[in-house]
Chemist: 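Quick one: the structure is below, and I'll ask about it shortly.
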Amino acid sequence: MKITVLCVGKVKEKYFTGAIEEYAKRLSRYCKLEIIEVADEKTPDGASAALEEQIKQKEGERLLKYIPDDAYVCILAINGKQLTSEALSEKIGELGVRGTSHIVFVIGGSLGLWDEVTKKGDFLLSFSKMTFPHQLMRVVLLEQIYRAYRILNGEPYHK
């Protein structure tokens with residue numbers, strides 16, 4: 001299966017890039033992983049709601065270019081469904097059984113996602129009601145995908 005993590009902005013901190021590289025290496029046993037970063041827009045302090053919407057639209061248009069029509073699209077959203085690690089594993093497994101060959105996980109920028117991107121989602125996934133930096137979310141998402149594959153394969157994982 002191909003897994004694409006599609007996200008806004010670059011990861012700058014070495015501790016995040018190191019963790020991302022480690023999980024990418026671990027995941028290579030289970031799937032073909034691709035990480036696509038689109039440019040983020042600078043948001044001035046005190047930006048109006050209209051300007052924030054324009055920024056989300058620009059970022060969203062960039063994201064939409066990388067979402068293939070035949071992929072299963074999982075949007076990370078604070079208002080999405082919260083799953084246990086086992087349930088995420090089941091979901092990935094079921095998609096594979098149904099013949100899905102490509103899952104795209106979408107992580108928005110600091111302002112969130114443009115509504116048109118969210119509408120492309122087949123599933124909205126929330127890791128918490130809390131807000132996390134999008135760079136950290138990339139690490140958490142990759143760890144959970146890795147854990148999902150370990151569970152699917154009946155391999156030990158930390159509980």
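Computed from a predicted structure; not experimentally measured.
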Chemist: Going by an N to O cut-off under 4.0 Å, is there a salt bridge joining Asp69 and Lys120?
Modeler: yes

Chemist: Quick one: do Glu61 and Lys58 make a salt bridge, cutoff under 4.0 Å?
Modeler: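 No, Glu61 and Lys58 are not salt-bridged.
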
Chemist: Is the cationic atom of Lys81 (NZ for Lys, CZ for Arg) positioned less than 6.0 Å from the six-membered ring centroid of Phe123 and within 45 degrees of its normal?
Modeler: no

Chemist: If the condition is salt bridge (Lys or Arg N to Asp or Glu O under 4.0 Å), which residues does Lys25 pass it with, not counting sequence neighbours?
Modeler: Glu22

Chemist: Say whether Tyr66 and Leu76 are linked into one hydrophobic cluster, either directly or through other cluster members, by side-chain heavy-atom distances under 4.5 angstrom.
Modeler: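 They do not share one cluster, since no chain of ILVMFWY contacts under 4.5 Å joins Tyr66 to Leu76.
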
Chemist: Please tell me whether Ser85 and Gln144 have a donor and an acceptor in their side chains that are separated by less than 3.5 angstrom.
Modeler: yes

Chemist: Apply side chain to side chain contact (heavy atoms under 4.5 Å, CB included) to residues Glu90 and Leu152 and explain how you reach the verdict.
Modeler: CA-CA 7 Å; Glu90 286 175 28; Leu152 272 174; over 6 Å; no

Chemist: Please check if Met137 and Ile3 belong to a single hydrophobic cluster, counting links between Ile, Leu, Val, Met, Phe, Trp and Tyr side chain heavy atoms closer than 4.5 Å.
Modeler: yes

Chemist: Please identify each residue that fulfils ring-ring contact (aromatic ring centres under 6.0 Å, His included) with Tyr30, with sequence neighbours left out.
Modeler: Tyr149

Chemist: Looking at Glu59 and Val38, what are the two nearest heavy atoms and their distance?
Modeler: O-CG2, 4.3 Å

Chemist: Applying side chain to side chain contact (heavy atoms under 4.5 Å, CB included), run through Val106 and Cys74 and close with a yes or a no.
Modeler: CA-CA 6 Å; Val106 181; Cys74 183; over 6 Å; no

Chemist: If the threshold is 4.0 Å, N to carboxylate O, is there a salt bridge linking Glu94 and Arg98?
Modeler: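 No, Glu94 and Arg98 are not salt-bridged.
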
Chemist: Tell me if a side-chain donor or acceptor on Asp122 pairs with a main-chain N or O of Val73 at a distance below 3.5 Å.
Modeler: yes

Chemist: Without swapping roles, check the side chain of Gln135 against the backbone of Lys10 for a donor-acceptor pair under 3.5 Å.
Modeler: yes

Chemist: Below 4.0 angstrom, N of the basic side chain to O of the carboxylate: do Arg29 and Glu155 qualify?
Modeler: yes

Chemist: Step through the shown structure and confirm whether more than 12 heavy atoms of other residues, nucleotides or ligands are within 6.0 Å of NZ on Lys14.
Modeler: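 Atom NZ in Lys14 is not packed in, count stays at 12 or less.
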
Chemist: Please say which of Glu37, Glu41, Glu116 ends up in a salt bridge (charged side-chain N to carboxylate O under 4.0 Å, His left out) with Arg62.
Modeler: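 Exactly one option meets the salt bridge (charged side-chain N to carboxylate O under 4.0 Å, His left out) with Arg62, and it is Glu41.
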
Chemist: Would you please test Lys56 and Leu113 for side chain to side chain contact (heavy atoms under 4.5 Å, CB included) and show each step?
Modeler: CA-CA 6 Å; Lys56 288 196 295 187; Leu113 286 167; over 6 Å; no

Chemist: Side-chain heavy atoms nearer than 4.5 Å, only ILVMFWY residues, links allowed to pass through others: does that put Ile75 and Leu136 together?
Modeler: no

Chemist: Please confirm whether the backbone N or O of Val104 pairs with a side-chain atom of Thr4, one donor and one acceptor, at under 3.5 Å?
Modeler: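 Looks like no, no N/O pair under 3.5 Å.
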
Chemist: With the 4.5 Å side-chain cut-off for hydrophobic clustering, are Met130 and Leu141 part of the same group?
Modeler: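 Yes, it is one cluster - the side chains of Met130 and Leu141 are joined through contacts under 4.5 Å.
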
Chemist: Testing the basics here: between Ser128 and Ile78, what is the closest heavy-atom pair and its distance to 0.1 Å?
Modeler: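 Closest pair (atom of Ser128, atom of Ile78, distance): O-CG1, 3.6 Å.
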
Chemist: Passes side chain to side chain contact (heavy atoms under 4.5 Å, CB included), Lys32 versus Met1? Steps please.
Modeler: CA-CA 6 Å; Lys32 182 180 185 310; Met1 179 171 297; over 6 Å; no

Chemist: Would you say that more than 12 heavy atoms from the other residues, nucleotides or ligands in this model lie under 6.0 Å from the NZ of Lys12, or not?
Modeler: yes

